[in-house]
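Values below: all heavy atoms of this structure, side chains included; hydrogens, waters and symmetry mates excluded. Counting starts at 1 for both ligands and their atoms, following the listed order.
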Amino acid sequence: MRYLVTGGAGFIGSNLVLRLEKDRHDVTVIDDLSSGHFKNLIGFRGDFFAEDLSEMDLVATFDRKPLFDAIFHQASITDTTVMDQRLMMRRNVEGFHRVIEYALRYQIPVVYASSAGVYGANPSPQSEDQSPSPLNVYGFSKSVLDNVARKAATGFSRTIVGLRYFNVFGPGEQFKGAAASMIYQLYRQMKSGKAPRVFKWGEQGRDFVYVRDVVEANILALSARHSGSFNIGSGSETSFNVLIDTIRTALGLDLKTEYFDNPYDFYQEHTCASIDQAREVLGYTPRYSVPDGIRDYLDYLEHPGR
Ligand SMILES: NC(=O)c1ccc[n+]([C@@H]2O[C@H](COP(=O)([O-])OP(=O)(O)OC[C@H]3O[C@@H](n4cnc5c(N)ncnc54)[C@H](O)[C@@H]3O)[C@@H](O)[C@H]2O)c1
């Protein structure tokens, strides 16, 4: 098969690209390298367009080339602290418009990255029947992607599937810097001999999901029973204290946790994905428990290249 992966040099995109190539597919990447890195794609065998998707003419770019069998759209501003509303909306939504227009024109199925950010402060477990109530422009941009997808899917003969990822962690996220997962940040702190630091009293929890399960969800989404936007998480909440314990034990370190006051007026204390719909429509079942995912990830971080 021939696949197009936007954002393919990023954390999740590159894991997907390398998995698709391992499965002997032909993969083309579009990535402007704004937060991605070529090192994520060492071993990549396909073609690469270092372009800003929100300004690309996909029809002209891929004119006279064989059509793609599907598009995986991951490209996005992913730093949720970016507050330039116009920039966030232009890059994220306009990039998606271009993918959808191209897909509708050539009847190509699309799998795209949405986000748990659409739920904002909604009560946990977050489920797809809750109304979106994003707290930042990043989450808002993803809720607009879901709107665009819903409209485009009406009357379209192929599927458009959105995956509302929760907190993804795993190999390849290190180039995201401060936007990398809490698991990576805690690992870095502890590795450098510093005490792990979290808000008082570390009982806040998130639905963390290992990137290998996220890649699997993308592949399963190609055979979705119908279009829609579905939660992709582990389906469980893990507290920051449990993360610290798991990393500390795996690394054999004896560092006391440092708790400090949460400076935010509002803070989402708990997230947990309801994954019933993803199970039913995509056949998605996470293979990694969070501790198993962390151990697999630490093995990668501790022994790069193994
Ligand atoms: N990592 C998570 O926990 C998480 C959670 C929810 C949703 N998501 C979504 O998953 C997708 C992948 O995120 P990630 O964690 O791999 O982040 P990432 O920043 O590593 O990947 C995004 C990639 O898109 C590229 N990109 C950004 N804007 C672009 C543009 N206009 N044109 C071309 N390329 C562009 C970046 O260079 C980067 O390589 C994103 O859509 C993100 O919003 C991620």
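Residue S115 places no N or O, backbone or side chain, under 3.5 Å from any N or O of ligand 1. In terms of polar-atom proximity, D32 is counted as a contact of ligand 1, with an N or O under 3.5 Å from an N or O of the ligand. Close N/O approach between N167 and ligand 1 is not found [any backbone or side-chain N/O within under 3.5 Å]. Checked by distance only, ligand 1 and I30 stay at 3.5 Å or farther apart across all their nitrogen or oxygen atoms. Polar contact with ligand 1: present for I12 (N/O pair, distance under 3.5 Å). For ligand 1, one of its N or O atoms has an N or O atom of F11 under 3.5 Å away.
Heavy-atom contacts of A113 reach the following atoms of ligand 1: 9 (C), 10 (O), 11 (C), 41 (O) (cutoff under 4.0 Å). Using a 4.0 Å cut-off to heavy atoms of L33, the atoms of ligand 1 that qualify are 37 (O). Per-residue contacts place S34 under 4.0 angstrom from the following atoms of ligand 1 (heavy atoms of the residue considered): 26 (N), 27 (C), 28 (N), 36 (C), 37 (O). Near K176, meaning under 4.0 Å from one of its heavy atoms, ligand 1 places the atoms 1 (N), 14 (P), 15 (O), 17 (O), 20 (O). Each of the following atoms of ligand 1 lies closer than 4.0 Å to a heavy atom of A9: 39 (O). Within ligand 1, the atoms closer than 4.0 Å to a non-hydrogen atom of D52 are 30 (C), 31 (N), 32 (N), numbered from 1 in the order shown. When each atom of ligand 1 is checked for a heavy atom of Y138 under 4.0 Å away, the hits are 6 (C), 7 (C), 8 (N), 9 (C), 42 (C), 43 (O). Taking a cut-off of under 4.0 Å to the non-hydrogen atoms of F166, the atoms of ligand 1 that pass are 3 (O), 5 (C), 6 (C).
Neither side chain, N167 nor S181, offers a donor N or O lying under 3.5 Å from an acceptor on the other. Under the 3.5 Å distance criterion, with hydrogens and angles disregarded, no donor-acceptor pair is assigned to the side chains of N241 and S239. Judged purely by distance below 3.5 Å, without hydrogens or angles, the side chains of N92 and S76 pair a donor atom with an acceptor atom. No hydrogens or angles considered: nothing links the side chains of Q204 and N262 as a donor-acceptor pair under 3.5 Å. Side-chain contact, D292 with S289: a donor N or O sits under 3.5 Å from an acceptor N or O.
In terms of protein heavy atoms, atom 39 (O) of ligand 1 is closest to D31 OD2, 2.5 Å. Taking atom 3 (O) of ligand 1 as the reference point, the nearest protein heavy-atom neighbour is V168 N, 2.9 Å. The protein heavy atom nearest to atom 38 (C) of ligand 1 is S35 OG, 3.3 Å. For atom 11 (C) of ligand 1, the nearest non-hydrogen atom of the protein is Q74 O, 3.3 Å. Ranking protein heavy atoms by distance to atom 32 (N) of ligand 1, first place goes to L53 N, 2.9 Å. Among all non-hydrogen protein atoms, the one lying nearest atom 13 (O) of ligand 1 is T78 CG2, 3.6 Å. The protein heavy-atom contact nearest to atom 21 (O) of ligand 1 is G10 CA, 3.5 Å.
Inter-residue side-chain proximity for F208 and M182 is flagged as met; some heavy-atom pair is nearer than 4.5 Å. For the pair Y102/F62, a side-chain contact is recorded, criterion being any heavy-atom separation below 4.5 Å from C-beta on. The shortest side-chain heavy-atom distance between R158 and I108 does not fall under the 4.5 Å cut-off. Within the 4.5 Å cutoff, the side chain of E269 has no heavy atoms near those of the S124 side chain. Taking the side chain as every heavy atom from C-beta outward, N231 and Y165 never approach each other to under 4.5 Å. When side chains are defined from C-beta on, R91 counts as touching L87, because their heavy atoms get closer than 4.5 Å. Contact check for L253 versus K191: no side-chain heavy atoms found under the 4.5 Å cut-off.
Across the listed options G13, A180, S76, S76 owns the non-hydrogen atom lying nearest to atom 27 (C) of ligand 1. Nearest to atom 24 (O) of ligand 1 by heavy atom, out of A75, G95, S14, is A75.
Contact between S181 and ligand 1 is absent, with no heavy atom of the residue lying under 4.0 Å from the ligand. Distances shorter than 4.0 angstrom occur between a heavy atom of K142 and an atom of ligand 1. Ligand 1 lies less than 4.0 angstrom from a heavy atom belonging to E51.
Applying the side chain to side chain contact (heavy atoms under 4.5 Å, CB included) test between Y112 and each of V161, I100, D146, T6 identifies D146 as the sole match.
A salt bridge does not link D26 to R45: none of the charged side-chain nitrogens sits closer than 4.0 Å to a carboxylate oxygen. Using a 4.0 Å cut-off between charged side-chain N and carboxylate O, R212 and D296 make a salt bridge.
Under a hydrophobic-cluster definition in which Ile, Leu, Val, Met, Phe, Trp and Tyr are linked whenever side-chain heavy atoms come within less than 4.5 Å, directly or via other members, V281 and V209 are assigned to the same cluster.
Looking at A179 against ligand 1, nothing comes within 4.0 Å, counting heavy atoms.
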